[in-house]
Engineer: 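Have a look at this one before I ask anything.
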Amino acid sequence: MQPIKNPIGRFAIYVFLILFLLYSLVPFLWTTLQSFKTQRQAAAPIPLFVFEPTLESYGRLWLDSTPDNLAVLATGLMGVIVVLVLLGVFAERLPIPRKLIYVGILGAVIAIIWGIPKIVDTAEFYDYFVNSLIVAVGAVAISVSIGCLAGYALARYSGIAGVVILLVALAFRALPRLAFLLPYFWMGRISGLHDTYFLVIIALVAVNQPFTIWLLRSFFMDIPREIEESAMIDGASRLEAFLKVIIPIMWPGIVAVALFTLLLAYHEFLLVRILTQSKWTLPLAMVQFVGGAKVTGQIAMQAAAAVSSTIPIVLVIIFFQKQLVKGLSAGAVKG
């Protein structure tokens, strides 16, 4: 593709891209600004940028009782999170082994999530956040594990049965959510698993598994067979060649698929609403600020809930940005 040399054409393209960027960012910017207003300021017809920022909505959202040093605690927590994200982004440049850094970051995140309720009196929204993490991480771990094995097998198997399996998986992915709701609802009732993390996780896995299989299979198709055959000639079994040779090559693609699966599971509403009564996640938590007679009085709370649910995903994407870019541009591995 030849680059556009006409300056007017290039200027028009840049203008279009800038306008599209503003069109995409303005809603989130507006929501973020609304989240730092009081309930009265958010509902009043005052200019968007003329207000005194406050953490009142975030305090009411996350805490049952707001401590006097809320701003200090919030600043310290954000500082720790930024440090952890920077450690993950620049892990390759540090003299410490990357695995040790990632284990330390994971341990720090678990300690923070466990320790926050010990320090402050958290509200119900924090429980919804923890539920979202459990459901999303569980669904991603199972979906990606099964998807890697299935995608690799279907990428290397050239028989008609592989085509049939892929078509059946695609047909299941095309089914509406309601086709999964009633079977899993009755299974949960009969087995006693209703209103449990396990039921929600296996339902999300069933819904998203065809997506992971198809996407991972396309990544595995780009890896030459000669790579694993060379490892097997050197004495490795097929499983050892898969785990020690193919997986390291495929790691960026696996991270990209895991992030897409995380987004699907993290934002799931209907399945969680029907299959649980108390294990609600963030999408269900935000609904309580949308409906009802006091909608105008809940604008700041709505905005704070939306921003709070978005920040974890943004941090995860920043943390894995390099692997995500490599995974999205996969296909450059040639024999």
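Computed from a predicted structure; not experimentally measured. We use all heavy atoms of the structure for the numbers below, so side chains are in, but hydrogens, waters and symmetry mates are not.
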Engineer: Under the criterion side chain to side chain contact (heavy atoms under 4.5 Å, CB included), I'd like the reasoning laid out for Tyr266 against Leu282: C-alpha separation, chi angles, the key distance, then a yes or no.
Structural biologist: CA-CA 8 Å; Tyr266 187 79; Leu282 290 179; 3.0 Å; yes
Engineer: Going by side chain to side chain donor-acceptor pair (under 3.5 Å), name the pairs with one or both residues in residues 179-202, residues two or more places apart or in two chains.
Structural biologist: Asn131-Tyr197, Asp195-Ser278
Engineer: May I ask you to check whether Ser35 and Tyr58 show a side-chain donor-acceptor distance below 3.5 Å?
Structural biologist: yes
Engineer: Over all heavy atoms of both residues, which pair between Ala300 and Lys37 is shortest? Give the atoms and the distance, please.
Structural biologist: CB-O, 3.6 Å
Engineer: Starting at CD1 of Ile318, measure out to CD1 of Ile311 and round the result to the nearest 0.5 Å.
Structural biologist: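 Going from the CD1 atom of Ile318 to the CD1 atom of Ile311 covers 10.0 Å.
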Engineer: Got more than 12 heavy atoms from elsewhere within 6.0 Å of CZ, Phe28?
Structural biologist: yes
Engineer: Side-chain polar contacts of residues 13-26 - donor-acceptor pairs under 3.5 angstrom, sequence neighbours left out - could you list them?
Structural biologist:
from, atom 1, to, atom 2, distance (Å)
Ser24, OG, Phe20, O, 3.0

Engineer: So, do Cys148 and Ile254 sit near enough that their side-chain heavy atoms are less than 4.5 Å apart?
Structural biologist: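 Yes; the side chains approach each other to less than 4.5 Å.
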Engineer: Using the ring-ring contact (aromatic ring centres under 6.0 Å, His included) rule, collect all pairs that involve residues 153-179, keeping only residues at least two apart or in two chains.
Structural biologist: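 Sorted pair list comes back empty.
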Engineer: Are Leu86 and Ile96 joined in one hydrophobic group, where the rule is that I, L, V, M, F, W and Y side chains link up if heavy atoms are under 4.5 Å apart?
Structural biologist: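 Shared cluster, yes.
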Engineer: Working to the nearest 0.5 angstrom, can you tell me the gap between Phe36 CZ and Thr32 OG1?
Structural biologist: 7.0 Å
Engineer: Taking all non-hydrogen atoms of both residues into account, name the closest pair between Ala241 and Met232 and its distance.
Structural biologist: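 Shortest heavy-atom separation between Ala241 and Met232 comes out as CB-CG, 4.1 Å.
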Engineer: Would you mind listing every salt bridge (Lys or Arg N to Asp or Glu O under 4.0 Å) that reaches into residues 115-132, with sequence neighbours excluded?
Structural biologist: none
Engineer: Do Leu270 and Leu182 sit in the same hydrophobic cluster, where Ile, Leu, Val, Met, Phe, Trp and Tyr count as joined when their side-chain heavy atoms come under 4.5 Å apart?
Structural biologist: yes
Engineer: Which word best sums up how the rings of Tyr152 and Phe242 line up, parallel for under 30°, tilted for 30 to 60°, or perpendicular for over 60°?
Structural biologist: tilted
Engineer: Hey, could you give me each pair passing salt bridge (Lys or Arg N to Asp or Glu O under 4.0 Å) that has a residue in residues 249-274? Not counting sequence neighbours.
Structural biologist: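 Those involving residues 249-274 are Arg177-Glu268.
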Engineer: Go through it in stages, so that I can follow the logic: the residues are Leu204 and Thr261, the test is side chain to side chain contact (heavy atoms under 4.5 Å, CB included), and I'd like the CA-CA distance, side-chain angles, deciding distance and then a yes or no.
Structural biologist: CA-CA 9 Å; Leu204 289 174; Thr261 306; over 6 Å; no
Engineer: Could you tell me which non-hydrogen atom of Ser143 sits nearest to which non-hydrogen atom of Thr212, and how far apart they are?
Structural biologist: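 Scanning both residues, the minimum pair turns out to be O-OG1, 3.7 Å.
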Engineer: State which residues pass side chain to side chain contact (heavy atoms under 4.5 Å, CB included) with Pro183; sequence neighbours excluded, sorted by chain then number.
Structural biologist: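 Partners of Pro183 under the side chain to side chain contact (heavy atoms under 4.5 Å, CB included) test: none.
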Engineer: Could you walk me through whether Val255 and Leu259 satisfy the side chain to side chain contact (heavy atoms under 4.5 Å, CB included) test, starting with their C-alpha distance in whole Å, then the side-chain angles of each, then the deciding distance to 0.1 Å, before giving a yes or no?
Structural biologist: CA-CA 6 Å; Val255 170; Leu259 290 177; 4.2 Å; yes
Engineer: Any idea which heavy atoms bring Ala203 and Leu275 closest together, and the distance?
Structural biologist: CB-CD1, 3.6 Å
Engineer: What pairs of residues pass the salt bridge (Lys or Arg N to Asp or Glu O under 4.0 Å) test when at least one of them lies in residues 156-165, not counting sequence neighbours?
Structural biologist: Arg156-Glu228
Engineer: Mind checking what makes side chain to side chain contact (heavy atoms under 4.5 Å, CB included) contact with Ile142, not counting sequence neighbours?
Structural biologist: Ile146, Ile201, Val205
Engineer: For Thr31 and Gln34, does a side-chain donor sit closer than 3.5 Å to a side-chain acceptor?
Structural biologist: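 No.
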Engineer: In Å and rounded to the nearest 0.5 Å, what is the CG to CG distance from Leu216 to Leu149?
Structural biologist: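 So the gap between those two atoms works out to 10.0 Å.
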Engineer: Locate the shortest heavy-atom distance separating Leu199 from Gly188; write the atom from each residue and the value.
Structural biologist: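 Where Leu199 meets Gly188 most closely, the heavy atoms are CD2-CA, 3.8 Å.
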Engineer: For Ile105 versus Leu87, what's the shortest heavy-atom pair and its separation?
Structural biologist: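 Closest heavy-atom pair between Ile105 and Leu87: CD1-CB, 3.9 Å.
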Engineer: Does one hydrophobic cluster hold both Leu63 and Met301, with members joined at side-chain heavy-atom distances below 4.5 Å?
Structural biologist: yes
Engineer: Pair Val200, Thr281 - check side chain to side chain contact (heavy atoms under 4.5 Å, CB included), show working.
Structural biologist: CA-CA 11 Å; Val200 178; Thr281 56; over 6 Å; no
Engineer: Linking directly or through intermediates, with side-chain heavy atoms under 4.5 Å: list the remaining ILVMFWY members grouped with Leu166, chain and number order.
Structural biologist: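 Cluster partners of Leu166: Leu154, Ile165, Leu170, Ile213, Trp214.
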Engineer: Could you work out the complete set of other residues in the hydrophobic cluster of Leu106, with links drawn between I, L, V, M, F, W and Y side chains under 4.5 Å apart?
Structural biologist: Ile110
Engineer: Counting only heavy atoms not in Tyr102, do more than 12 fall under 6.0 Å of its OH?
Structural biologist: yes
Engineer: Is Trp280 reachable from Val137 through a run of I, L, V, M, F, W or Y residues, each pair having side-chain heavy atoms under 4.5 Å apart?
Structural biologist: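 Cluster IDs for Val137 and Trp280 differ.
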Engineer: Please say yes or no: joined through hydrophobic side-chain contacts below 4.5 Å, possibly via intermediate residues, are Leu77 and Leu315 part of one cluster?
Structural biologist: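 They do share one cluster, since a chain of ILVMFWY contacts under 4.5 Å joins Leu77 to Leu315.
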Engineer: How long is the span from the CZ atom in Phe180 to the CG atom in Leu271, to the nearest 0.5 Å?
Structural biologist: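 One gets 8.5 Å once the value is rounded to the nearest 0.5 Å.
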Engineer: How many angstroms lie between CD1 in Ile274 and CG in Leu181, if you round to the nearest 0.5 Å?
Structural biologist: 5.5 Å
Engineer: Listing request: all side chain to side chain donor-acceptor pair (under 3.5 Å) pairs with a residue in residues 306-317, at least two apart in sequence or in separate chains.
Structural biologist: Trp62-Ser308
Engineer: According to salt bridge (Lys or Arg N to Asp or Glu O under 4.0 Å), does anything in residues 239-261 pair up with another residue at least two apart or in another chain? List the pairs.
Structural biologist: none
Engineer: Just how far is it from atom OG1 of Thr122 to atom CD1 of Ile116, taken to the nearest 0.5 Å?
Structural biologist: 8.5 Å
